[in-house]
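Comments concern the structure below.
Fair warning: this is a prediction, and the values are worked out from it, not measured in the lab. These values consider heavy atoms only, across backbone and side chains, with no hydrogens, waters or symmetry-generated copies.
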Amino acid sequence: MTTTTSPQGRTELLRPDRTPVRVLVVDDEASLTELLSMALRYEGWQVRSAGDGTGAVRAAREFRPDAVVLDVMLPDVDGLAVLGRLRRELSDVPVLFLTARDSVEDRIAGLTAGGDDYVTKPFSLEEVVARLRGLIRRSATATARSESRLVVGDLVLDEDSHEVSRGGTGIHLTATEFELLRFLMRNPRRVLSKAQILDRVWNYDFGGQANVVELYISYLRKKIDAGRSPMIHTRRGAGYLIKPGE
């Protein structure tokens with residue numbers, strides 16, 4: 001993504017071809033969908049909306065969005081199931097869940113299913129826009145930089161192709177997992193605190209929910225370290241670091 005400044009003084013995100021960012025909004029509450037769409041269009045983005053899961057998948061196929069705002073409770077298909085279908089169409093598109101559920105279990109379910117962020121209703125439009133900006137920027141960083149590869153031991157992260165491998169075996173990561181691993185690999189053998197990780201990877205105050213860092217570290221360990229010599233380590237009371245496996 002690239003940025004430019006609008007006549008109103010706002011910093012606008014643009015696609016690499018200089019066209020507006022595309023966002024798909026999926027919610028069966030028409031009034032909420034319209035409010036969100038208005039707020040996103042004010043940012044200069046193109047917006048397509050859908051009121052159910054079937055329409056969401058069809059719209060994603062046609063619209064090819066750069067980000068998706070997805071309600072968990074839809075009239076025809078559960079939002080988590082819709083996410084699975086979206087991933088088959090657009091494997092790396094960042095997804096922001098909207099839900100009225102506020103339990104830790106529900107948040108973990110959404111993130112485990114492959115969602116990149118989670119907003120609980122009621123929410124402010126400004127918060128949704130800010131979180132979408134962060135997700136879109138993170139998903140684009142792999143292709144926006146001129147540097148190519150980060151290497152720690154037998155772990156390789158290619159910032160141009162968005163590919164990760166260990167010992168020659170490819171590893172698929174979500175946009176957020178990729179950015180977290182990238183931050184760790186840019187600071188090998190350095191202990192990074194939860195606060196540092198939240199600030200760099202999530203780009204906003206996560207309301208004290210630092211357990212999201214623990215959650216994503218566990219995701220990375222399952223993908224990076226499973227069956228291999230551990231590379232991601234915890235320093236209790238201090239944070240996390242990555243170093244070559246022994």
| According to a 4.5 Å side-chain heavy-atom criterion applied to Ile, Leu, Val, Met, Phe, Trp and Tyr, with indirect links allowed, do Val191 and Ile232 form part of one hydrophobic cluster? | no
| message | For Leu157, is there any backbone N or O sitting under 3.5 Å from a side-chain donor or acceptor partner on Arg149? | response | no
| message | A side-chain contact here means heavy atoms from C-beta on lying under 4.5 Å apart; do Leu36 and Val128 qualify? | response | yes
| Any side-chain heavy-atom pair of Met231 and Asp154 under 4.5 Å | yes
| task | Decide side chain to side chain contact (heavy atoms under 4.5 Å, CB included) for Arg85 and Val77; before the verdict, give the C-alpha distance in whole Å, the side-chain angles of both, and the deciding distance to 0.1 Å. | result | CA-CA 11 Å; Arg85 298 182 187 181; Val77 185; 4.0 Å; yes
| How long is the gap from CG on Asp27 to CD on Glu34, to the nearest 0.5 Å? | 12.5 Å
| task | Measure across Val152 and Pro188 and return the closest heavy-atom pair with its distance rounded to 0.1 Å. | result | CG2-CB, 4.1 Å
| task | Would you tell me whether Thr234 and Arg221 have side-chain atoms, one donor and one acceptor, within less than 3.5 Å of each other? | result | yes
| Is Arg166 paired with Asp225 through a side-chain N to carboxylate O contact shorter than 4.0 Å? | yes
| request: Please find out if less than 6.0 Å separates the ring center of His162 from that of Phe178. | output: yes
| message | Test of understanding: clusters of I, L, V, M, F, W, Y form through side-chain heavy atoms closer than 4.5 Å, transitively. Do Val151 and Leu220 belong to the same one? | response | no
| request: Answer yes or no: is there a donor N or O on one side and an acceptor on the other, between the side chain of Arg61 and the main chain of Ala56, under 3.5 Å? | output: no
| note | Residues Pro20 and Gly44: closest non-hydrogen pair is CB-O, 3.2 Å
| message | What's the separation between atom CG in Asp92 and atom CZ in Arg87, rounded to the nearest 0.5 Å? | response | 7.5 Å
| said: If I take atom OG from residue Ser165 and atom NE2 from residue His172, how far apart are they, to the nearest 0.5 angstrom? | reply: 14.5 Å
| said: Taking Tyr219 as the starting point, is it possible to reach Leu155 by hopping between hydrophobic residues whose side chains are less than 4.5 Å apart? | reply: yes
| request: Pick out which of Leu90, Val95, Val25, Val82 makes a side chain to side chain contact (heavy atoms under 4.5 Å, CB included) with Val68. | output: Val95
| Side chain to side chain, Ile171 and Thr169, heavy atoms closer than 4.5 Å | no
| Co-membership, hydrophobic cluster, residues Met38 and Val23, 4.5 Å side-chain | no
| query | Under the side chain to side chain contact (heavy atoms under 4.5 Å, CB included) criterion, do Leu184 and Leu241 qualify, and how do the steps go? | reply | CA-CA 6 Å; Leu184 291 171; Leu241 77 154; over 6 Å; no
| Given Leu35 and Thr33, is the side chain to side chain contact (heavy atoms under 4.5 Å, CB included) satisfied, shown in steps? | CA-CA 6 Å; Leu35 281 173; Thr33 299; over 6 Å; no
| task | Test salt bridge (Lys or Arg N to Asp or Glu O under 4.0 Å) on Arg22 and Asp66 and set out the steps. | result | CA-CA 5 Å; Arg22 299 177 183 176; Asp66 301 298; 5.5 Å; no
| field | Asp158 side-chain N/O to Ser161 backbone N/O, donor-acceptor pair under 3.5 Å | value | yes
| request: Compare every heavy atom of Leu86 with every heavy atom of Val57, then report the nearest pair and how far apart it is. | output: CA-CD2, 4.2 Å
| query | Is there side-chain contact between Val119 and Phe97, with at least one heavy-atom pair below 4.5 Å? | reply | no
| note | Closest non-hydrogen contact found for Ala67 with Leu132 is CB-CD2, 4.0 Å
| request: Search all heavy atoms of Ala50 against all heavy atoms of Gly55 and return the closest pair with its distance. | output: CB-C, 3.7 Å
| Linked, directly or transitively: Phe123 and Leu40 (ILVMFWY side chains, under 4.5 Å) | yes
| field | Minimal non-hydrogen separation, Arg41 against Val47, with atom names | value | NH2-O, 3.5 Å
| field | Side-chain donor-acceptor pair present, Thr54, Asp76, cut-off under 3.5 Å | value | yes
| remark: dist Leu135:CG -> Glu179:CD (nearest 0.5 Å) comes out at 11.0 Å
| Could you give the distance from CH2 (Trp45) to OG (Ser37), rounded to the nearest 0.5 Å? | 12.0 Å
| query | Hey, what do you get for CD1 (Ile136) to CD (Glu43), rounding to the nearest 0.5 Å? | reply | 9.5 Å
| query | Does any non-hydrogen side-chain atom of Leu96 lie less than 4.5 Å from one of Leu70? | reply | no
| said: Would Ile242 and Leu181 count as a side chain to side chain contact (heavy atoms under 4.5 Å, CB included) here? Give the steps. | reply: CA-CA 9 Å; Ile242 192 168; Leu181 181 62; 3.9 Å; yes
| request: Check whether any side-chain heavy atom of Gln46 sits under 4.5 Å from a side-chain heavy atom of Pro65, and report yes or no. | output: no
| message | Can a donor-acceptor pair be found, under 3.5 Å and without considering hydrogens, that links the side chain of Asp28 to the backbone of Asp52? | response | no
| Counting N and O atoms only, with roles assigned by atom type, does the side chain of Asn187 sit under 3.5 Å from a partner on the main chain of Phe183, one being a donor and the other an acceptor? | yes
| said: Check whether Glu177 reaches the backbone of Thr174 with its side chain - one donor and one acceptor, N or O, closer than 3.5 Å. | reply: yes
